[in-house]
Amino acid sequence: MPELPEVEVVRRGLERWAAGRTVSAVEVLDARSARRHDAGPADFTERLTGARLAVPERRGKYLWIPLSGPGPLTGALVAHLGMSGQLLVNEPGDTDPRHLRIRLLLEPVEDGEDRSRELRFVDQRIFGGLFVDALVEAVDRPGQLLPASVAHIGRDPLDPAFDPEAVHSRLRRRKTGLKRALLDQALVSGIGNIYADEALWRARLHYARPTETLNRTESGRLFEAVREVMEEALAQGGTSFDSLYVNVNGDSGYFDRSLNVYGRAGQPCRRCARQGRESIVVRERFMNRSSAYCPRCQPVPRRARW
DNA sequence: CCAGTAGCCTGCTTGC
DNA sequence: TGCAAGCAGGCTACTG
């Protein structure tokens with residue numbers, strides 16, 4: 001499941017392998033993967049054909065490639081990977097993978113040696129998709145452009161302009177549970193179910209903690225934990241884009257090795273074990289998804305908000 | 001405006 | 001063995 005670190009790995013791969021190229025042809029094999037393009041697949045194809053791909057950008061789990069026509073910027077190709085989306089760069093003629101949904105043919109870069117490439121959007125479950133959108137100025141930063149459809153997304157903890165104090169104030173004004181707030185991409189972006197559980201564990205906070213009772217120390221600890229979890233995942237997955245095949249299926253290599261609570265229900269809490277205490281990680285259903293935590297170092301708050 | 005939830009999707013796993 | 005239900009969960013659109 002791609003979260004921010006996985007999406008950043010894709011962004012880097014695209015910067016390395018697709019930026020600077022011009023789209024010569026587009027094939028929408030499954031219109032559902034372009035359903036967020038309001039004007040339909042034919043318009044999607046038309047807007048992309050002949051466009052030049054600039055350096056990809058990212059906010060949270062949204063990724064976009066600014067497009068220039070023959071002239072200045074005309075918009076952006078926006079991608080969201082959803083649950084199972086992948087963006088792959090291939091040589092034309094490579095065998096089509098099972099869930100190939102959209103294909104973009106990319107012209108060679110103009111040095112005579114280079115070949116054409118294919119940018120492929122592969123997505124088993126079709127929660128993700130591609131669309132073309134207009135670029136608008138960021139409200140809090142004149143001059144910074146982002147797709148109109150991404151304007152409501154909050155800055156992520158790896159963004160230099162991320163403001164922990166501002167997010168803390170907004171958290172305090174909410175009346176909800178902490179994990180619900182962490183997963184709200186308008187408040188702070190890039191955090192999905194897995195990294196939410198991992199960050200909460202690190203910060204020793206329970207997912208049902210009422211946001212309005214959080215103090216600065218705790219929110220500071222939490223954002224720090226989120227950043228650490230993301231940076232570690234990035235360090236492990238962020239080196240695999242050095243070959244042509246931009247491999248980003250959500251496997252950053254982080255999953256098996258470094259997870260402390262997610263997928264570890266029934267196993268001992270590592271932090272408690274280090275302290276010579278015994279506590280077993282539990283898994284509960286919450287918000288129609290699973291939440292894992294250690295009941296000893298992340299005790300259920302007195303006034304829990306589920 | 002805010003909090004909370006249904007529905008979108010496919011494929012693997014589990015239960016009868 | 002076959003079939004159905006359960007599960008995985010990010011995001012938008014919608015309701016209260």
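Labels below follow one simple rule: chain letters A, B, ... track the order of the sequence lines, proteins then strands, and each chain is numbered from 1.
Taking only side-chain nitrogens and oxygens, Lys175(A) never comes nearer than 4.0 Å to OP1 or OP2 of dC2(B). At the phosphate of dG4(B), OP1 or OP2 sits under 4.0 Å from a side-chain N or O atom of Thr176(A). Taking side-chain N and O atoms only, Arg35(A) has a distance below 4.0 Å to OP1 or OP2 of dC9(B). OP1 and OP2 of dG10(C) both lie 4.0 Å or more from every side-chain N or O belonging to Gln185(A). The shortest distance between the side-chain N/O atoms of His152(A) and the OP1/OP2 oxygens of dT12(C) is below 4.0 Å. In this structure, Tyr195(A) does not reach the dG10(C) phosphate: none of its side-chain N or O atoms is under 4.0 Å from OP1 or OP2. A sub-4.0 Å separation between OP1 or OP2 of dG11(B) and a side-chain N or O of His99(A) is present. For the OP1/OP2 pair of dG4(B) and a distance below 4.0 Å, the side-chain nitrogens and oxygens of Arg180(A) include at least one atom meeting the criterion. One finds a side-chain N or O of Arg98(A) lying less than 4.0 angstrom from the OP1 or OP2 phosphate oxygen of dG11(B). Between Arg305(A) and dG4(B), a side-chain N or O to OP1/OP2 separation shorter than 4.0 Å is absent. In this structure, Arg36(A) does not reach the dC11(C) phosphate: none of its side-chain N or O atoms is under 4.0 Å from OP1 or OP2.
Considering all non-hydrogen atoms of both residues, Ile65(A) and Pro56(A) come closest at CG1-CB, 4.1 Å. Contact detail for Trp64(A) and Leu145(A): the closest heavy-atom pair is CZ2-O, 3.9 Å.
Atom NE2 of His80(A) is separated from atom P of dC9(B) by 16 Å (rounded to the nearest Å). Here dG10(C) presents its C1' atom at 18 Å from CZ of Arg59(A), a figure rounded to the nearest Å. Remark: P of dG4(B) and OH of Tyr207(A) are 14 Å apart, rounded to the nearest angstrom. Rounded to whole angstrom, the span from the CE atom of Met287(A) across to the P atom of dA6(B) amounts to 12 Å. Arg170(A) has its CZ atom 12 Å from the C1' atom of dC1(B), to the nearest Å. Taking atom CD of Glu284(A) as the reference point, atom C1' of dC7(C) lies 17 Å away to the nearest angstrom. Across the protein-nucleic acid pair, His37(A) atom NE2 and dT12(C) atom P stand 17 Å apart, rounded to whole Å. In this structure, the CD1 atom of Ile191(A) is 11 Å from the P atom of dC11(C), given to the nearest Å.
A distance-only check finds a donor-acceptor pair linking the side chain of Glu6(A) to the backbone of Glu3(A) [under 3.5 Å]. A donor-acceptor distance shorter than 3.5 angstrom exists from the side chain of Ser189(A) to the backbone of Gly154(A), with no hydrogens or angles considered.
Comparing Arg125(A) and Ile153(A) by the nucleotide of DNA chain C whose heavy atom lies nearest to each, the residue mapping closer to the 5' end is Arg125(A).
Nearest nucleotide to the Gln124(A) side chain, out of dG11(B), dG10(C), dA3(B): dG11(B). Side-chain proximity of Ile126(A) to dC11(C), dA3(B), dC9(B): nearest is dC9(B). Each of dT10(B), dA3(B), dC7(C) was ranked by its minimum atom distance to the side chain of Arg283(A); first place goes to dC7(C).
Nucleic acid contact for Tyr62(A): sugar-phosphate only, since backbone atoms but no base atoms lie under 4.0 Å from a heavy atom of the residue.
In this model, no donor atom of one side chain and acceptor atom of the other lie less than 3.5 Å apart for Asp123(A) and Ser33(A). For Gln185(A) and Tyr62(A), the side-chain atoms include no donor-acceptor pair closer than 3.5 Å.
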